[in-house]
Structures are given as structure tokens and as C-alpha cells.
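Residue numbers begin at 1 in each chain, while the letters A, B, ... track the order of the sequences.
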2 protein chains.
Amino acid sequence: MIRTYAYKDIKIEEIFAREEEKTNVADVVSEIIAEVRKGGDAALKRYAEQFDGAAPAVFEVSKEERAAAYAQADAAFLEILKEAAAHIRAFHEKQKRTDFVLTEREGVVLGQKIIPLDRVGLYVPGGTASYPSTVLMDCIPAKIAGVKEVCMVTPAKDGKLNPDIIAAAEIAGVDRIFRIGGAQAVAALACGTESIPRVDKIVGPGNAFVAEAKKQVFGQVSIDMIAGPSEILVIADGNSDAEIIAADLLSQAEHDKMASAVLVTESEALAQAVTAELERQIALLPRAEIARASIDNNGKIILVKDIAEAIAVSNEIAPEHLEVSVDEPFRYLADIRHAGSIFLGRNAPEALGDYFAGPNHTLPTSGTARFSSPLGVDDFVKRSSFTYYTKEALTAEAEKIGFFARREGLEAHARSALVRKDKGVIQ
Amino acid sequence: MIRTYAYKDIKIEEIFAREEEKTNVADVVSEIIAEVRKGGDAALKRYAEQFDGAAPAVFEVSKEERAAAYAQADAAFLEILKEAAAHIRAFHEKQKRTDFVLTEREGVVLGQKIIPLDRVGLYVPGGTASYPSTVLMDCIPAKIAGVKEVCMVTPAKDGKLNPDIIAAAEIAGVDRIFRIGGAQAVAALACGTESIPRVDKIVGPGNAFVAEAKKQVFGQVSIDMIAGPSEILVIADGNSDAEIIAADLLSQAEHDKMASAVLVTESEALAQAVTAELERQIALLPRAEIARASIDNNGKIILVKDIAEAIAVSNEIAPEHLEVSVDEPFRYLADIRHAGSIFLGRNAPEALGDYFAGPNHTLPTSGTARFSSPLGVDDFVKRSSFTYYTKEALTAEAEKIGFFARREGLEAHARSALVRKDKGVIQ
């Protein structure tokens, strides 16, 4: 059963501090990366035989195979995928940025260019945690950013591709698909092999081996994030419907035993009603065992004196998903400082954001919303600055640059400015 | 002497691949972090006694001390610092972003908030690599972003503060200063102690121990980057002045024996003249020994057939600093895809960007300009998305969300949407 705490009795820093299992994952992964770097495709084939039973004849999925898999996809589902993609596209289009230029100073032109990454890798897990929604969420911002080539890697189960994943890939605009998974797929994207091109960034969720591989290749390539277990924090006033609030808490709890669902409310009556509703609804869920473990171990209800205090608690916790179940939610929007994705009012369940509304569902977890953002177009571009001076403008500033550089003990820096003003100064 | 290569004879991936020394830095640093986490100020004092000879009575530098140090600063230098700060401010003000909202769909409000980080830590090295320019470059974008508290840590040499650093901190708007350096200072910023507040992000350069500490606390807090040795790539046509080009190459080479300076040119005559000029100018430098080692080991001249090919080489290398010494540099700007900071034309030495022009000098190294950006206002904010639906809007989409969620095997997700449409659906 979920436990209820008074605000003063709870240690905020323990809310999302769940112990992770320790294994020898790091060693296994570092060997896989070294082997793929050295052996290329041959190493990939060895791992495919070892882990998946058989290696595919070719890693890349052909246009014909993609078309055939797409044709197999459920027609009703395709329509929903397309509508979701349109919403996701509309939201992320607004994230696009433009170059700028400054010309205020005489003879000086300064500016910033926004440049898409050349090539991005998208990891898509196989098996039960294989989510077409994530294909949309990870690929669409990359294509809007202008990435030329999005390369998806995903394990084929008994050689067969998941048609929902292929359908989502087609709709999102994935350029190339490779049937390979695990740490070896991440290694291939980071290092490049004969079949699989090296990418500049790797995004997407995966199991512990995939996450560790992303961690290990980080620096050599960019990565999105190492996501922790999912989290929801619901702020609810006394007029909230307990059945609905419980359903929302369970929508996170069903993900994973380590997932965390927290209700912050001013109403003891609601706390009691939600506690009872959780018990009733858990029993009715196909994933009841997972939801049960999550609620019992990580579920919490925190009682506060009013909604303002609830917002303060939420800001301390910095949840991945925040629901604000009150009548006038927009009055609190300015006060919410730390949350990945915010769901305002009584009609915005977090699941809306997972599939359909438009904002991204790849979000910062474990309190990292204090300093991290949802995945977005920004993740698929980088900035470069540029500087142009006329001879006159440089001459006017050369002595100051020289002074500054010498103050820092960097004579060659000083000379590179001064020699443009007075040829022959380097003697 | 610098060595010259034909484009076809050079392995691009080896250009900035310099071997790093391996030491036991990681173990030492992880012990320091654990001790500071456990012991707080007491641990910091032990380390100050061990590494700096004596622990300060108080870590925080008082207002009076800051004012006294500022008063000691060189008046001419203060004027230059203020002008540089104004230029840096003007450039970074243009990087500020605004919130957006989408209201196109009936009953649906979606948006994105840009929120500054609460508190940022700025590491400033002591000793010879103590650069007031970096205080400006690291603090000004944070303050423009709206960060409430920038906390600078810097080691005091024999208890004394460097007045140039304090002057730069005053001008840049640093909020609090603590006299502490090394891995223990990074640990204090990441974990918080009695005297030093926990921050959300740590920026700034440092020695191998500081860099390792930033790496180890990454995830718990955000960091800017782990910078490698400095790099410059100069593209120069045959009309370029060899004395000037050599001076520019040396402005990077003097930083560090591991620094790397590369000239890419279509002119053999220029290659020869620059080779000779480098030999002449190195001998005239106070840091001749460092520049000599850098040029001999990492300096290269690459001969190409034309400027277009030079741009292609540069895009493959993705240098930290790129100079384009040609008559009409803006014609190439669109073709430059990967470079941290770009200096256009014959009057823009890289040193201009280090001190005075306005763009940031904290830049991606080691080819990471392929996917990373200069430090900027973006580094000190994060985004949050928000979603609001009316009852009618949610009702219209609930079945689709339910379908999508069930397709992914997540029944509780489906129910959280469907229960808002039909109370009593959860049976």
C-alpha cells in the first residue's frame, strides 16, 4: 500500500533515490566496444550469433523489407501514428532556431550559425519494451533539425522485424535501419563498421548494457541521456477525482518496479481515497505485479498545507512528469521551476504526453530536470560563432588585445593581434 | 620544424588524436569526492592543509576583501576588462530565447518555458593558467541566462587572491567567491558543504584532477565540457602574409605542448614561408619551449588544391578555432559545417575571440565541434514543456491514446486517458 507522509517528515532527496543493482555490466560492455572497434562487421556477427542465435546475412534492412513490414502494420494504428506524428512535428517545429548576426560596431560582424548534426543513431529496443512512440519522439526532432541521416538500430526477433516499429520509422522519416541490438549496436554506431556508418550522436532507451555502452562512448560521440526509472508527481487539490488520480499514478507505476509515483495534496480525504483506489485498480491491471512493487516501494503521498507548498515540494524534487490537478493551473505555471514535462489541469493525463499531445516524452529523470531538458530539436544541432573585423576595426583594438594577452602571460597571442597593426613588430 | 603533407597522405582522424598521460588521477579524485561528501567543511580544511599548506579560516571571500582586491587591480586593465565584458554581453544577449505557446488545436494549449538554472559553480584555476578572460566568458552568459547565484571557487596562493581574477569576477557579476581549489572544490560544489552551497552545474577549466572531478560528478550535476588541448586550423590562400599566419599558429602553440596548430593551404610558397617564419618567431617567444614542442609534435601543414578542398579538410577535422584567411571569407561561411569559433578574413586573429570580440572562448575541442557548441546562454537554462487540454479535447483523443497505449502493452496508460472520458471504465 502507498504510504502517506507529512511534508516535514519527508527527506526530499530520498524521493527519487532508488538503489540500482550493481553488476559486471561495465566490463562486459567495454570488451564488446573494443571488439567491435577492432573487428567491425565480423565482431558484430559473432555477437549476433552468441546473443541472438544467428547473425543476419546483411545488417541493413532493405527498402523492400521496409515496405513489406509497413504493409503488414495495422491500418487503424497507422492512422493514429500519423496523427501523433503530426502533433509531435507541430510542437517541435516551434523549437527551431535561426542564425543571428550583430553589426552594431563599426567594421565588426559577429554571428552565430545553427548547424544540424550530420548523422544520428537511434537505438530502439526489441522485446516487450519496444515502443513505436519513442521512434516518433526521437526521430522527428532530428529530422526537423535537418539531420541528413538518421540510422536506427533494433534487434530482429528470430530474424523478424516488429511491424509497428517499422511503421513508426517510416512515418517519422528514419533514413536507414539496421537489424542489430545490444551494446554491440551502440559500439557500431560510435565507431563505424563496414556496414554501419559512424554517427555523431546516439539517442534512445535500452537495457543496462545499452545504457552502459552509451555512457562509455560518450565524449567520442554525443548521447541524449542515461534515463533512470520513470517518475510522476501529481499535485492535486481536494476537488480532484481519486479514481483519476490513482489511474495517473499507476500509469507510471506499471512501467517498472523501480518507477516512482508521488501524490502531493492538501487534502487528507483525497489521500485516503487515492490510497483505496490504488488498491482497487492495481488488482485490475495486467501488469499488476510491477505496479504493486512500484507503489509499495516507491509510491508516496505527501500532505502539504496548500497548493503553493505543493509547488515548492515539486520544485525540490524536480520530477520527470508533473501533473497539476487544480481548477486554474495556469496561475501556477510561472512558479514551476523544475519539471521535465508539465500537465496542467484535470484533463491532461501524463499518457497524453507519451503518445499524442506533441511535446517530447524523452525527459530528464532522477531530479536532473533541475539542469536538463526534454529531448528536442536543440539536441540535434550545434552552434558555431563567427567573427569578422576590418583592418581598421582590428587596428583600433589591437593594443587592448595585446595588453590583455600579456596580462595573462600569452605573448604569442598579443603578437598575433599587434603584427596586423604594425608589420615588423615581431623582432 | 613543422611538417608538410599532401592532403591524400594524411590521416584526418590522427590530426587531433594526441596521447594523454595515464595516471592514478581517477582513484585519488574519487576518494576526495567521497571524503568531501561525508566530511563537508572539515574534509575541505584537511585537504587545504594537505595541498595548500594551510586552511583558510573562512572559505567565503567577504565583500570587504573583494572590494580591497578590486581596488588593487590595474586601472588600465580594468578599463579593458569592462570593454571586453560589454562586447561579450552584447553577443550573448542575442542568444537569449523566449518561451513559446501553440494554440492551433481546439481546446489544446502546448508550450515551452525557458528556465534559468538556480545556481552555478565556476572553477577558476590559480597559478599560471589563471585567466581573467575565462571568468568573463563563463560568468556573463550565466548571468544573462538569469542564474540567481554564480559561485566561483579559486585557490588562494599563500592566502592571497589574484586581483585580476577578482576584478574580472566583479565586472562579470559573480555572486559569491570561495577560496578553495582542486578536486575538493568541485566536490564541494557538487555535494554542498556547511560553507559552500550545492550547485546545479559546474563550468570552467582546471588541471587533470579538476577535470576528473567534473567527470565523476557529472550526472549528479551538469558540467560544461572536459576540454582537451587547444587547437587552431588556419585556411590560407596564397595571398596570405606568412608572418601573420605563423603568429596565429603560435598563439595556440604557446598554450601547451599538447596544443595543435594546423595550416591548410593551396600555396606551396606560403607553406615554405610559414615554415621559415615559425622557426624565426618561436625563438623570439617567452614560451618558446612550449611552442617548439607543440609545433614539432602536433603542428602540420596540409597542401590542398583549392579553398573548397581546404574547407572539406576543415569539416573533417572539426577544429576548435578556424581562421579563414582569404579575400572574400563570407562566401565560404555556408560551407563550414564543423568548427567551434570561426574567424573570417585577414583581420581576425583567434586572439580576438579569446579576449575581445564577444563570442565565447570556451569551445569544443578534439573534433567534438561535430556535435558540440561553444559555451553560451543555452548552457545555463533548461526547457520545460507544458500541456493543457479541455475536457472536450481530451475526450476527442482519449480512444486514440488508449489504442496506442494498449498497442505498447501499457494498460494503465490507456485507462488514465479513458477514465476521463467514461467514469467507471476501470472495472
Side-chain angles (χ1 to χ4, degrees), chain A residues 77 80 91 94 100 110 115 117 131 200-201 222 244 247-248 250-251 254 281 285-286 337 339 341-345 347-349 351 353 355-359 370-374 382-389 391 394 397 400-401 403-405 407-408 411-413 415-417 419-420 426, chain B residues 77 80 91 94 100 110 115 117 131 200-201 222 244 247-248 250-251 254 281 285-286 337 339 341-345 347-349 351 353 355-359 370-374 382-389 391 394 397 400-401 403-405 407-408 411-413 415-417 419-420 426:
Chain A
F77 187 48
I80 292 172
F91 183 82
K94 292 280 284 183
F100 67 72
L110 306 174
I115 309 170
L117 306 191
Y131 298 137
D200 299 305
K201 181 161 191 162
S222 178
I244 288 174
D248 290 2
L250 290 174
S251 75
E254 76 169 337
Q281 293 186 26
L285 279 179
R337 292 188 53 76
S341 198
I342 305 161
F343 298 87
L344 296 168
N347 305 295
Y355 299 115
F356 222 70
R370 290 188 66 80
F371 49 78
S372 300
S373 303
K382 73 292 189 359
R383 296 172 280 111
S384 289
S385 47
F386 57 88
T387 300
Y388 169 86
Y389 271 52
K391 177 96 161 80
L394 192 270
E397 294 185 359
K400 293 171 191 169
I401 295 161
F403 191 106
F404 205 143
R407 197 82 192 172
E408 293 192 348
E411 178 64 21
H413 282 64
R415 290 179 185 178
S416 73
V419 70
R420 284 170 161 87
I426 304 175
Chain B
F77 186 50
I80 292 172
F91 183 83
K94 293 278 285 183
F100 68 72
L110 307 174
I115 309 170
L117 305 191
Y131 297 137
D200 299 304
K201 181 160 191 162
S222 178
I244 287 174
D248 290 2
L250 290 174
S251 75
E254 76 169 337
Q281 292 186 26
L285 279 178
R337 291 188 53 79
S341 198
I342 305 161
F343 298 87
L344 296 167
N347 305 296
Y355 298 117
F356 220 71
R370 290 188 67 80
F371 49 77
S372 300
S373 304
K382 73 289 186 5
R383 296 172 279 111
S384 289
S385 49
F386 57 88
T387 299
Y388 169 86
Y389 270 52
K391 177 98 161 77
L394 193 269
E397 295 184 1
K400 294 171 191 171
I401 295 160
F403 191 106
F404 205 144
R407 199 83 192 169
E408 293 192 348
E411 178 63 23
H413 283 64
R415 291 180 185 178
S416 73
V419 71
R420 283 170 162 87
I426 303 174

Measure A:Phe343 against the heavy atoms of chain B and call it side chain, backbone, both or neither at under 4.5 Å.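 Backbone plus side chain of A:Phe343, per the 4.5 Å heavy-atom cut-off to chain B.
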For the candidates [options], which exhibits the highest count of non-hydrogen atom pairs separated by less than 4.5 Å from chain A?
| options | result |
| --- | --- |
| B:Ser384, B:Ala348, B:Gly353, B:Gly358 | B:Ser384 |
| B:Ala357, B:Ser341, B:Ala339, B:Pro359 | B:Ala357 |
| B:Gln281, B:Glu397, B:Arg407, B:Lys391 | B:Arg407 |
| B:Ser251, B:Gly345, B:Ala247 | B:Ser251 |

Heavy-atom pairs under 4.5 Å with chain B: which of A:Phe386, A:Tyr389, A:Phe356, A:Tyr388 has the most?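 Of the options given, most contacts go to A:Tyr389.
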If you measure from CD1 on A:Ile426 to CG on B:Leu250, what distance do you get to the nearest 0.5 Å?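 Interatomic distance, A:Ile426 CD1 to B:Leu250 CG, rounded to 0.5 Å: 8.0 Å.
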If you round to the nearest 0.5 Å, how far is CG of A:Leu110 from CG of B:Leu344?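 B:Leu344 atom CG to A:Leu110 atom CG measures 10.5 Å (nearest 0.5 Å).
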Do B:Glu254 and A:His413 have side chains that get closer than 4.5 Å, going by heavy atoms?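 Yes, at least one pair of side-chain atoms sits under 4.5 Å.
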Do A:Arg383 side-chain atoms and B:Pro374 backbone N/O form a donor-acceptor pair below 3.5 Å?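 Judged by distance alone, yes, a pair lies under 3.5 Å.
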Geometric class of the A:Phe77/B:Phe403 ring pair [parallel <30°, tilted 30-60°, perpendicular >60°]: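 Rings of B:Phe403 and A:Phe77: parallel, as their planes differ by under 30°.
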Does any heavy atom of chain A fall under 4.5 Å from the side chain of [X], the backbone, both, or neither of them?
| X | result |
| --- | --- |
| B:Lys201 | neither |
| B:Ser372 | backbone |
| B:Ile115 | side chain |

side-chain contact (heavy atoms from CB on, under 4.5 Å) with A:Pro349: which of B:Val419, B:Ile401, B:Leu394?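 Among the candidates, only B:Leu394 passes.
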Trace of the salt bridge (charged side-chain N to carboxylate O under 4.0 Å, His left out) decision for B:Asp248 with A:Arg415: CA-CA 8 Å; B:Asp248 290 2; A:Arg415 290 179 185 178; over 6 Å; no
